[in-house]
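Here the structure comes first, spelled out in structure tokens, and everything after it is commentary.
We're numbering straight along the sequence, starting at 1. Quantities reported herein were computed from a predicted structural model and do not represent experimental measurements.
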Amino acid sequence: MQSAFPVLVRIIILGPPSSGKGTLASVLAKEHGVPHISTGDILRGEVDRRTELGQKAASHMSKGKLVPDDLVIRKIESRLSQEDCARGFILDGYPRTVGQAVALDKIAAPDVVLHIDVTEEEIIRRATGRRVCKTCGAIFHVEFSPPKTADVCDICGSKLAIREDDTEPTVRKRLGVYREMTAPLIERYGDMLVSIDGNGTPDETLERARSALRDVGRNA
Ligand code: AMP
């Protein structure tokens, strides 16, 4: 699909945990020909490789808390300075605090912020049913996309696991953190922000996002 933004595409996807940011960001990134940058994925990679940042981030992440701004800001600034971001990027899960948004404005202010609006009840249902394969990375859901055999990966046969931050108390904690630390960004971005309903299927959310971006592109 032709990008609605001919020159530069800097899109932020904002939304609570399990709102579908990652799925949406990966499709939009392909459609617009820019990298999909997820701070959650970057941080999980650092934790798996036991880097210095990963060791500092791990305890915050497993408790459902945010990783401190200075660590995340430094990491994202280095990622955004890479060659592949010259035409723009889709940011998934960043910024999550006002401090991060201020830092981003100084190096690469966004063109548009897509806010995925999902009820808390739906988020709990999505997150607590998710099962991941730590061997091959496949993701299942007990209700929406169950594996053929309970708790066994269809692809590689490994035992499925619940991501540490997907347990119900942690999801509730993450929702509280979202309300307190991230939701204020909705107001901060003002006219630059477009809200879409994310309570439906991933395809419905994608269609709403595409249509919102077309409208923004037309008015740019
Ligand atoms: P996510 O996969 O985006 O839900 O992120 C998983 C976890 O990584 C979050 O619960 C935070 O602990 C951490 N994290 C991801 N992005 C950020 C960010 N922008 N600022 C602080 N912590 C983050």
Side-chain angles (χ1 to χ4, degrees), residues 12-29 36-48 54 57-67 72 90-97 100 113-156 158-186 195-206 208-209:
I12 290 176
I13 315 267
L14 186 70
S18 299
S19 55
K21 297 191 295 293
T23 310
L24 182 60
S26 91
V27 178
L28 292 179
H36 164 200
I37 301 175
S38 152
T39 41
D41 285 349
I42 292 174
L43 291 168
R44 277 186 288 278
E46 298 278 333
V47 172
D48 288 347
S59 65
H60 301 280
M61 293 172 75
S62 63
K63 288 187 204 117
K65 294 204 287 199
L66 293 184
V67 174
V72 186
I90 311 265
L91 276 181
D92 154 15
Y94 187 94
R96 260 173 153 106
T97 65
Q100 292 178 12
V113 180
L114 261 186
H115 165 231
I116 315 183
D117 203 3
V118 184
T119 64
E120 295 204 354
E121 193 191 355
E122 175 67 15
I123 283 163
I124 303 269
R125 190 164 147 233
R126 289 181 187 177
T128 56
R130 184 157 45 207
R131 299 291 179 271
V132 297
C133 176
K134 292 204 167 164
T135 308
C136 75
I139 300 177
F140 301 86
H141 192 283
V142 293
E143 218 180 313
F144 311 128
S145 51
K148 290 192 190 87
T149 310
D151 291 331
V152 177
C153 177
D154 286 358
I155 295 160
C156 73
S158 302
K159 190 165 166 41
L160 297 177
I162 301 178
R163 222 170 74 179
E164 236 179 345
D165 52 4
D166 278 343
T167 58
E168 185 162 343
T170 309
V171 176
R172 288 199 183 278
K173 166 90 189 163
R174 293 170 76 204
L175 278 170
V177 170
Y178 177 78
R179 252 184 266 122
E180 188 189 336
M181 307 293 289
T182 310
L185 294 178
I186 296 171
S195 271
I196 54 169
D197 179 359
N199 288 293
T201 64
D203 280 350
E204 285 165 345
T205 304
L206 176 61
R208 289 183 188 122

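P146 and F140 get closest at one heavy-atom pair: C-CD2, 4.3 Å. Looking at every heavy atom in both residues, T39 comes nearest to G93 through OG1-O, 3.0 Å. Between I116 and T205, the shortest heavy-atom contact is CG2-CG2, 4.2 Å. Listed here is the closest heavy atom pair of C136 and C133: N-SG, 3.4 Å. Summarising the geometry of T135 relative to C156, their closest heavy-atom pair is CB-SG, 3.9 Å, with the distance given to 0.1 Å. For the residue pair P95 and L14, the shortest heavy atom distance occurs at O-CD1, 3.9 Å.
Note: C153 SG to K148 NZ = 10.0 Å, rounded to the nearest 0.5 Å. We find the CE-CD distance between M61 and E46 to be 10.0 Å, quoted to the nearest 0.5 Å. Expressed to the nearest 0.5 Å, how far CG of D151 lies from OG of S158 amounts to 12.5 Å.
More than 12 heavy atoms of other residues, nucleotides or ligands shown are found within 6.0 angstrom of CD on E143.
A 4.5 Å side-chain heavy-atom check between S18 and V171 finds every atom pair outside the cut-off. Put simply, the side chain of L24 does not reach to within 4.5 Å of the side chain of P202, judged on heavy atoms. Between R125 and F144 the shortest side-chain heavy-atom distance falls below 4.5 Å. Residues L206 and L28 have side chains in contact (heavy-atom distance under 4.5 Å, counting atoms from C-beta outward). In this structure the side chain of I162 never reaches within 4.5 angstrom of the side chain of T170, judged on heavy atoms. By the 4.5 Å heavy-atom criterion applied to side chains, K63 and K173 are not counted as neighbours. At least one side-chain heavy atom of V118 sits less than 4.5 Å from a side-chain heavy atom of R126. Two residues are said to be in side-chain contact when any heavy atoms from C-beta on lie closer than 4.5 Å; I13 and L114 meet this criterion.
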Residues D166, R174; criterion side-chain contact (heavy atoms from CB on, under 4.5 Å); working and verdict: CA-CA 9 Å; D166 278 343; R174 293 170 76 204; 4.0 Å; yes
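Classification of E168 and R172 as a salt-bridged pair holds, one side-chain N sitting under 4.0 Å from a carboxylate O.
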